Protein chains: 2
Amino acid sequence: MEQHRPVFIDSETVVSERPRDHKDELRLWLRLLTCTTLVEDDIRSRLRARFDVTLPRFDLMAQLHKTPQGMTLGQLSSRMMVSNGNLTALVERLVDAGQIERRVSETDRRVVLVALTPSGEAAFSDMAREHGDWIAGLLAGLSKGDIEQLMHLLDKLKISARSAMQAARHRTAP
Amino acid sequence: MEQHRPVFIDSETVVSERPRDHKDELRLWLRLLTCTTLVEDDIRSRLRARFDVTLPRFDLMAQLHKTPQGMTLGQLSSRMMVSNGNLTALVERLVDAGQIERRVSETDRRVVLVALTPSGEAAFSDMAREHGDWIAGLLAGLSKGDIEQLMHLLDKLKISARSAMQAARHRTAP
DNA sequence: GGCTGATAGTTTAAGCTTAAAATAATCGCG
DNA sequence: CGCGATTATTTTAAGCTTAAACTATCAGCC
């Protein structure tokens with residue numbers, strides 16, 4: 001028969017509880033994943049059909065658009081939450097396409113700065129306008145209040161996840 | 001200057017509104033994506049570290065676990081929301097690893113049925129238990145009520161997105 | 001029986017993604 | 001100053017992912 005096991009909630013709290021299936025949490029996680037995948041796949045296919053651009057390229061350009069003075073690869077990889085090595089090839093392809101430009105920092109020659117070219121900026125502006133409409137259309141079934149509530153709850157979720165990950169990291173590598 | 005443009009909400013409703021930046025909707029979408037990526041990356045790395053298994057393999061096994069009699073590749077691809085061609089290689093690797101087995105349907109030789117092997121079932125059970133704990137840990141900062149509310153709002157979001165996609169499909173290919 | 005169209009999977013080419021190892025430049029500190 | 005640690009990026013190998021083209025099979029219809 002199963003026994004009670006310790007469940008670590010964060011670095012300070014250890015509660016002993018009877019083993020559970022965590023059914024509600026799992027269902028919530030699956031629903032979250034479903035929603036994200038649904039929206040992401042739709043946006044991906046529209047970007048391809050309408051602008052012949054991939055989602056990762058759009059995302060990268062969106063980051064650069066928010067930071068006109070350019071960003072380092074390190075900043076980009078942490079903002080986009082993708083691995084560092086991933087960006088090397090992605091940036092390379094966008095440079096080849098003339099949408100972005102890279103230059104090595106003069107003060108620290110390890111650092112590579114990336115920024116939109118004027119043509120990349122123009123292309124992104126076109127895409128961003130429609131992208132915004134698409135997102136708004138996908139979320140049109142939610143009221144202002146729904147959006148606000150979701151925002152708040154997802155913020156709570158984000159904080160919870162980060163704190164749990166932080167705690168796990170401390171236990172794994174003290 | 002910008003002009004008012006029609007915004008299609010669904011197949012019946014067309015509202016004319018001044019062009020907006022849809023800022024709240026975009027922020028919500030980015031937050032949703034952040035939350036999902038956060039959890040997904042954490043689970044991915046734990047699965048790798050603890051069980052040396054990739055997330056797609058875990059997901060596939062989870063689907064088969066829910067349906068012990070096995071599934072066709074078509075069912076799998078629609079439940080997992082991945083492309084059909086994707087599964088061919090994924091299934092191949094799991095067959096090689098002895099975790100699942102495939103057999104051609106006897107009544108329809110186009111159809112391929114896939115199911116967990118006993119060893120795959122055992123391996124999945126071990127992983128699923130810890131996976132559940134990890135998810136519960138990541139969501140530990142949410143109350144029961146938060147989870148219920150999120151569930152409800154995400155359900156609304158899912159319905160909204162599906163309906164917008166449905167409507168777009170009708171306009172694109174009537 | 002033999003078309004015709006639809007359905008289930010596979011293949012292919014290109015691109016994305018990660019983890020881990022390697023490279024290269026800078027920083028801190030004695 | 002010089003050397004070990006740190007930091008930023010690239011490289012590599014494996015695997016995931018998609019879209020589109022292709023193959024094989026089936027179902028219906030005459």
Side-chain angles (χ1 to χ4, degrees), chain A residues 33 36-38 40-61 63 70-97 99-100 102-114 172, chain B residues 33 36-38 40-61 70-97 99-100 102-114:
Chain A
L33 187 54
T36 299
T37 305
L38 212 53
E40 199 170 19
D41 285 358
D42 185 63
I43 296 298
R44 184 199 318 284
S45 85
R46 296 209 214 200
L47 281 173
R48 169 179 295 267
R50 181 78 177 79
F51 297 110
D52 192 30
V53 76
T54 64
L55 186 51
R57 290 182 197 199
F58 178 82
D59 286 344
L60 194 155
M61 294 174 78
Q63 291 297 332
M71 303 175 74
T72 69
L73 290 188
Q75 289 172 316
L76 260 180
S77 92
S78 94
R79 301 247 181 118
M80 296 176 68
M81 298 200 281
V82 300
S83 70
N84 221 319
N86 191 357
L87 285 181
T88 298
L90 189 54
V91 163
E92 180 61 23
R93 280 184 285 264
L94 278 168
V95 168
D96 288 350
Q99 309 273 271
I100 67 177
R102 40 188 309 176
R103 61 178 194 286
V104 174
S105 161
E106 294 183 4
T107 61
D108 184 340
R109 288 211 300 280
R110 292 170 304 179
V111 170
V112 177
L113 287 159
V114 190
T172 306
Chain B
L33 187 56
T36 300
T37 305
L38 211 53
E40 199 171 18
D41 286 359
D42 185 63
I43 297 298
R44 184 201 317 286
S45 85
R46 294 209 215 202
L47 282 173
R48 170 180 294 271
R50 179 77 177 79
F51 297 110
D52 192 29
V53 76
T54 65
L55 186 51
R57 290 183 197 198
F58 178 82
D59 287 344
L60 195 155
M61 294 174 78
M71 304 174 74
T72 70
L73 289 188
Q75 290 173 313
L76 258 182
S77 92
S78 93
R79 301 247 180 118
M80 294 176 70
M81 298 201 281
V82 300
S83 69
N84 220 318
N86 190 356
L87 284 180
T88 298
L90 189 54
V91 163
E92 180 61 22
R93 279 186 285 264
L94 277 167
V95 167
D96 288 350
Q99 308 274 272
I100 67 178
R102 43 188 304 173
R103 60 180 194 286
V104 173
S105 160
E106 294 184 2
T107 62
D108 183 342
R109 288 210 301 280
R110 292 169 303 178
V111 171
V112 176
L113 289 158
V114 191

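Lettering follows sequence order; numbering is per chain, from 1. It should be emphasised that the depicted structure is a prediction, and the values quoted were computed from it without experimental measurement.
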Original post:
Would one find a side-chain N or O of Arg93(B) under 4.0 angstrom from OP1 or OP2 of dA14(D)?
Top reply: no

Original post:
Reading DNA chain D 5' to 3', how would its secondary structure be written in dot-bracket notation, given Watson-Crick and G-U pairs with both distances under 3.5 Å, brackets [ ] for crossing pairs and | for partners on other strands?
Top reply: ||||||||||||||||||||||||||||||

**OP:** For residues 50-59 of chain A, pull every pair meeting side chain to side chain donor-acceptor pair (under 3.5 Å), keeping only residues two or more places apart or in separate chains.
**Re:** Arg50(A)-Glu130(A)

Subject >> Distance in Å, Leu55(B) CG paired with Leu60(B) CG, rounded so as to fall on 0.5 Å steps >> reply: 11.5 Å

Subject >> d(CG, Leu113(B); C1', dG9(C)) in whole Å >> reply: 12 Å

**OP:** For Leu90(B) and dT18(D), give me the distance from atom CG to atom C1', rounded to whole Å.
**Re:** 14 Å

Subject >> Spacing between Leu60(B) atom CG and dT17(D) atom P, to the nearest angstrom >> reply: 10 Å

**OP:** Taking the side chain as every heavy atom from C-beta outward, state whether Leu47(B) and Ile43(B) have any pair of such atoms under 4.5 Å apart.
**Re:** yes

**OP:** Please state how far atom CD1 in Ile43(B) lies from atom P in dC16(D), giving the value in whole angstrom units.
**Re:** 17 Å

Subject >> Rounded distance (Å) that lies between atom P of dT17(C) and atom CE of Met80(A) >> reply: 7 Å

Original post:
How long is the line joining CD of Gln75(B) and C1' of dG9(C), in whole Å?
Top reply: 14 Å

Review item, side-chain donor-acceptor pairs of residues 78-92 of chain A, under 3.5 Å, at least two apart:
residue	atom	partner	partner atom	Å
Ser78(A)	OG	Gln75(A)	O	3.4
Ser83(A)	OG	Asn86(A)	N	3.4

**OP:** Using a 4.0 Å heavy-atom cut-off across all strands, classify Ser77(B) as base, sugar-phosphate, or nothing.
**Re:** nothing

Subject >> Sequence neighbours excluded - salt bridge (Lys or Arg N to Asp or Glu O under 4.0 Å) pairs with any residue from residues 104-113 of chain A >> reply: Asp108(A)-Arg110(A)

**OP:** Among dT18(D), dG15(C), dT10(C), find the nucleotide with the atom closest to the side chain of Val82(B).
**Re:** dT18(D)

**OP:** Check each residue of residues 49-59 of chain A for a non-hydrogen atom within less than 4.0 Å of any atom in DNA chain C, then write out the ones that pass by number, or none.
**Re:** Thr54(A), Pro56(A), Arg57(A)

**OP:** Nearest whole angstrom, please: distance from the P of dA14(D) to the CG of Asp96(B).
**Re:** 15 Å

**OP:** Let me know the distance between CG of Leu73(B) and P of dA24(D), rounded to the nearest Å.
**Re:** 17 Å

Original post:
Between Asp96(B) and Arg93(B), is a salt bridge (charged side-chain N to carboxylate O under 4.0 Å, His left out) present by the stated rule, with each step listed?
Top reply: CA-CA 5 Å; Asp96(B) 288 350; Arg93(B) 279 186 285 264; over 6 Å; no

Return the polar atom pairs (N/O with N/O) between nucleotides 19-28 of chain C and the protein under 3.5 Å, or none.
residue	atom	partner	partner atom	Å
dT26(C)	OP1	Arg109(A)	N	3.1

Original post:
Are side-chain heavy atoms of Arg44(A) and Arg48(A) found at a separation under 4.5 Å?
Top reply: no

**OP:** Determine the sole option in Val114(A), Val111(A), Val112(A) for which the side-chain contact (heavy atoms from CB on, under 4.5 Å) test with Thr72(A) is passed.
**Re:** Val111(A)

